[in-house]
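Here is the structure we will look at, set down as C-alpha cells.
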Amino acid sequence: MSAATSATPGVPATPRRAHPRAATYDPTWVRVLLIGAALSFLGLFLVLPLVTVFIEAFSKGAAVYGEAIREPTALAAIRLTLLVAAISVPANTIFGIAAAWAITKFDFRGKSLLITAIDLPLAVSPVVSGLIFVLLFGAQGLFGPWLMAHGIKIIFAVPGILIATTFITFPFVARELIPVMQELGTEEEEAATSLGASGWQTFRRVTLPNVRLGLLYGVVLLNARAMGEFGAVSVVSGHIRGMTNTMPLHVEILYNEYQGAAAFAVASLLALLAIATLAAKTLLEWRMGRRAKEGHA
Amino acid sequence: MKIAVQGIRKHFGALTVLDDVSLDVTSGDLVALLGPSGSGKTTLLRIIAGLEFPEAGSVWFGEENVADRPARDRRVGFVFQHYALFRHMNVLENVAFGMRVKARHERPAETEIQRRVFDLLRLVQLDGLAGRMPTQISGGQRQRVALARALAVGPRVLLLDEPFGALDSRVRKELRRWLRRLHEELRLTTLFVTHDQEEALELADRVVVLNRGKIEQVGSTDELYERPATPFVFDFLGDTNVLPAELAGRQLTLPGAQQSLAIDSIHPSGPVDVYVRPGDLRLAEAGHPGVEALITSVQRTGPIVRATADTLVGGTHLSIELPHLHHDVPHFRAGATVRLRLMQFSVFPHSERAARPSTLEAPVLIGRERERSEEDPQDEQHG
C-alpha cells in the first residue's frame with residue numbers, strides 16, 4: 001500500500017509528526033519562509049487567475065453569463081468537448097495500461113523505442129502534431145485523395161479532432177503507471193498464476209488494485225488535457241462554429257470578437273469541468289482509503 | 001507426489017544457468033536445493049513450478065510430464081522469498097485467493113472457502129489474524145500466511161524459495177522446526193531453496209548441492225559429510241583446510257611427514273589435495289603419521305578454541321578448532337611446534353585453484369581414509 005502511494009505524485013504524504021526534536025527539524029523561520037513561498041506562489045499563479053476568470057465571467061451579470069453558455073454554438077462546443085473526452089479518455093486509458101504492462105512485465109525487442117515513442121506527443125509542439133495530421137489526412141495530404149474518393153472527412157471534421165486529441169493525450173496514463181508497475185515487480189502476479197488464476201483474473205484482482213491510485217491520477221491528467229487541448233485541435237478543426245469548435249476554440253473565437261464576458265463565461269465552465277474532475281479524483285481516493293482501512297479492522 | 005526433472009538446460013543470454021540437470025525426488029520427501037548464489041537453484045525451483053521454462057528437458061509429477069503446462073495448471077504451492085502477499089488484500093482474502101479464482105463448477109461455496117481458510121490459519125497458527133493486512137503482521141507471520149495460501153489450493157508439491165531468508169535468525173530457527181513438524185504432519189513432497197548449509201542439513205531429508213548450474217551431489221546430511229563427492233561440496237558444507245600431498249599407489253604422504261598413510265585409492269598416483277576440517281585436526285601421538293606445524297595464534301571463542309598454524313614444510317596455512325576442555329588444548333600455544341593428526345579427511349586430485357575450491361571444475365573424489373581414535377571420546381562432538 002505504502003509503495004503504491006509514495007510512487008504516486010499528487011497524493012499527500014503522511015503528515016509529519018509535530019516533534020520539536022526530530023532529526024529533520026528546521027528552524028521556524030525556514031519553515032515560515034518555505035510555506036509562505038509555496039502558498040504565495042500558489043495564490044499568485046493558480047488561485048488569482050481562476051478567481052479572475054469567474055469575476056470576468058460575471059462582470060456583466062448572471063444574465064449575460066447564462067446567455068453565453070446557452071447560446072447554440074456554445075452548447076455545440078460543450079457537447080463536442082465532452083464527446084472528445086468520452087472517446088479519447090477510455091481509449092488512452094486502455095492503451096496506457098497495455099503499454100505500461102508490456103514495458104514492465106516483458107522483455108522484447110524495441111522496448112526502448114516504445115518508451116521513447118510514448119513520450120513523443122509531449123516532446124513535440126501540439127501545433128506540429130496537428131500539422132502532421134493535416135499532412136496525412138488533409139485534402140493535399142498523403143491519404144487525402146483516397147479519403148476524398150470514399151467520402152470520408154477527417155480534417156476540419158470531428159474525426160480529426162478526435163485523432164489529434166487522442167495523439168496528444170497518449171502518454172499520460174502510461175507515464176503514470178510505468179514507475180508504479182516497475183516498483184511493484186512481478187512477484188504478486190507470479191503468485192496469482194501459481195495459485196491458478198488466469199491472466200485476466202490476475203490483472204483484475206492483483207495488478208489493477210495495486211496500481212489504481214497511479215491509474216486514477218493518470219486518467220485525471222488525461223481527461224484535463226483532452227478537454228483543454230488547444231494547439232493541435234486548432235490546426236485540424238477548421239473552427240467551424242457549431243460543428244468543429246471545442247470549448248477552448250470557442251473561448252478563443254469569442255475573445256477575438258471582443259465578447260470578453262462570454263469568453264470568460266465559457267472559460268469558467270471549462271475550469272469548472274477541471275475542478276469537477278479533481279473533486280471526483282479526491283472522492284475516489286478517499287473512498288479507496290476508507291475501504292483499505294475497513295480491511296484493517 | 002514423486003517429482004523428477006530430466007536433462008534440464010536453461011540459459012539467460014550467454015550465461016548457462018542450468019546445464020543438463022536431472023533429479024529424482026521421492027514422494028513425501030523434504031528436499032533442500034543448496035548452493036551459492038548463481039548456482040541455478042532458484043531457477044530449477046521456478047522451472048518445476050512452471051514460472052520459468054527450460055530450453056531442454058522434462059519435468060515429471062508422478063507419471064505426468066508437465067514441462068509444457070503453464071504454472072496455473074500445475075497445482076504447485078509456491079512460497080516466494082519475499083512472500084509476495086497480495087498487499088491490498090487482508091490475510092483471509094490472501095489465503096482464499098486460490099479457491100476464489102477457480103472455475104465456477106470447481107469453486108467451493110463461499111462458506112466452505114471461509115471454513116477452509118480458518119482451518120488453514122489454525123494449521124499455521126495464525127487464527128485471529130484473518131482481518132489483518134499484510135503490512136500489519138510480522139515477517140514470520142507473513143511467511144506463514146504465504147504458506148497457508150499455497151496450501152489452500154491442495155497442491156501436489158510444495159516449493160519454497162529461500163523461505164527463511166528475510167527473517168532474523170531467532171525467528172528463522174523457530175520457523176524451521178515448525179516447518180519440519182508441519183511436513184511430518186502433511187507429508188507433502190517439498191522442495192526448498194537455500195544458501196544456508198545449516199538450514200539445509202537441519203531441515204531436509206535429502207540435500208541437493210548445486211554449483212554453477214550442475215548438481216555436485218545428492219545425499220543425506222551424513223552422506224554429504226562422510227563422503228563429499230567433490231571439493232566444492234566439502235568446502236561449501238563448512239570450514240576447510242587444503243593440504244598438498246603426494247599419492248603413490250595407496251600410500252598418501254603429507255608434506256614433511258616421515259610416514260605415509262594408507263588409503264583406499266582408486267586413482268593414479270601423483271599430486272593430490274587433502275581436505276580436512278578445522279575440527280578434525282588433533283595432536284598426533286607418537287607412531288602416528290602427522291604434519292608438523294608452527295602455531296601462530298590461539299583464541300578462545302565461547303566453547304571452542306581456535307588456533308592457526310603454518311605447516312613447517314610448504315607453509316600451508318591451517319585453521320584448527322578444539323573443544324575448550326580437550327586435553328590437547330594446553331599444547332596449543334602461539335610459537336609452539338606441534339605435530340597434527342588428520343582424524344578425518346578427503347582426498348581429491350590436485351588443482352591449482354584448490355585454495356578456493358568453489359571455483360573447481362567438478363573434480364572427482366579419488367580416495368578417502370577415515371581415522372578415528374577410540375580413546376578420544378571428546379572427538380565425538382566434532383566428528
Side-chain angles (χ1 to χ4, degrees), chain A residues 1-8 11 13-14 104-109 111 177 180-216 284-297, chain B residues 12-13 45-46 48-52 69-103 106-107 129-137 145-146 148-155 157-161:
Chain A
M1 199 63 203
S2 59
T5 328
S6 62
T8 314
V11 176
T14 332
T104 53
K105 312 284 177 188
F106 305 123
D107 267 320
F108 55 91
R109 276 163 164 273
K111 186 164 153 173
L177 286 186
V180 179
M181 285 191 172
Q182 262 165 353
E183 164 135 2
L184 285 169
T186 53
E187 265 207 345
E188 282 184 50
E189 274 100 13
E190 285 181 346
T193 311
S194 79
L195 290 166
S198 66
W200 171 247
Q201 282 173 322
T202 303
F203 174 73
R204 207 182 64 74
R205 287 166 176 263
V206 176
T207 314
L208 206 54
N210 277 343
V211 301
R212 63 195 172 186
L213 283 176
L215 179 64
L216 187 62
L284 276 170
E285 254 174 24
W286 177 72
R287 285 184 55 182
M288 282 177 193
R290 209 178 50 169
R291 211 175 336 146
K293 273 208 195 75
E294 272 166 12
H296 291 201
Chain B
F12 288 141
L45 195 78
R46 289 171 62 85
I48 295 170
L51 296 171
E52 212 86 65
R69 294 277 217 92
R72 59 176 297 229
D73 296 336
R74 287 199 191 183
R75 267 187 49 220
V76 296
F78 198 97
V79 176
F80 292 81
Q81 183 178 2
H82 301 290
Y83 327 124
L85 294 182
F86 305 127
R87 64 191 84 192
H88 62 283
M89 297 183 198
N90 63 26
V91 168
L92 185 146
E93 289 164 335
N94 262 284
V95 179
F97 184 88
M99 292 185 268
R100 285 184 176 159
V101 295
K102 279 191 171 145
E106 292 175 29
R107 195 190 311 153
L129 296 185
R132 299 279 190 91
M133 299 302 282
T135 47
Q136 296 174 309
I137 55 179
V145 172
R149 183 178 69 176
L151 291 172
V153 292
V157 298
L158 188 59
L159 306 171
L160 307 114
D161 184 10

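A note on names: the letters A, B, ... follow the listed sequences, proteins ahead of strands, and every chain is numbered from 1.
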Quiz item: Do we get B/R149 above B/Y83's six-membered ring, with its NZ or CZ under 6.0 Å from the centre and within 45° of the axis?
Solution: no
Quiz item: Checking A/E190 side chain against A/E187 main chain: does a donor-acceptor pair fall under 3.5 Å?
Solution: no
So for [X], is it side chain, backbone, both, or neither that comes closer than 4.5 Å to the heavy atoms of chain A?
| X | value |
| --- | --- |
| B/A150 | backbone |
| B/L85 | backbone |
| B/M89 | side chain |
| B/R46 | side chain |

Quiz item: In terms of heavy-atom pairs under 4.5 Å with chain A, which of B/F86, B/F78, B/F97 leads?
Solution: B/F86
Practice problem: Between chain A and each of B/A84, B/G98, B/A49, B/A71, count heavy-atom pairs under 4.5 Å; write down the option with the most. | Solution: B/A84
Quiz item: Does the side chain of B/H88 come within less than 4.5 Å of A/N210's, by heavy atoms?
Solution: yes
Self-check item: Note, B/P134 side chain near B/N94 side chain (heavy atom, < 4.5 Å)
Solution: yes
Quiz prompt | Interface moiety of A/T202 toward chain B, non-hydrogen atoms closer than 4.5 Å | solution = neither
Quiz item: Atom CZ in B/R87, atom OG1 in B/T135: separation rounded to 0.5 Å?
Solution: 10.0 Å
Exercise. Mind listing the closest non-hydrogen atom pair of A/Q201 and B/V101 along with its distance?
Key: NE2-O, 2.9 Å
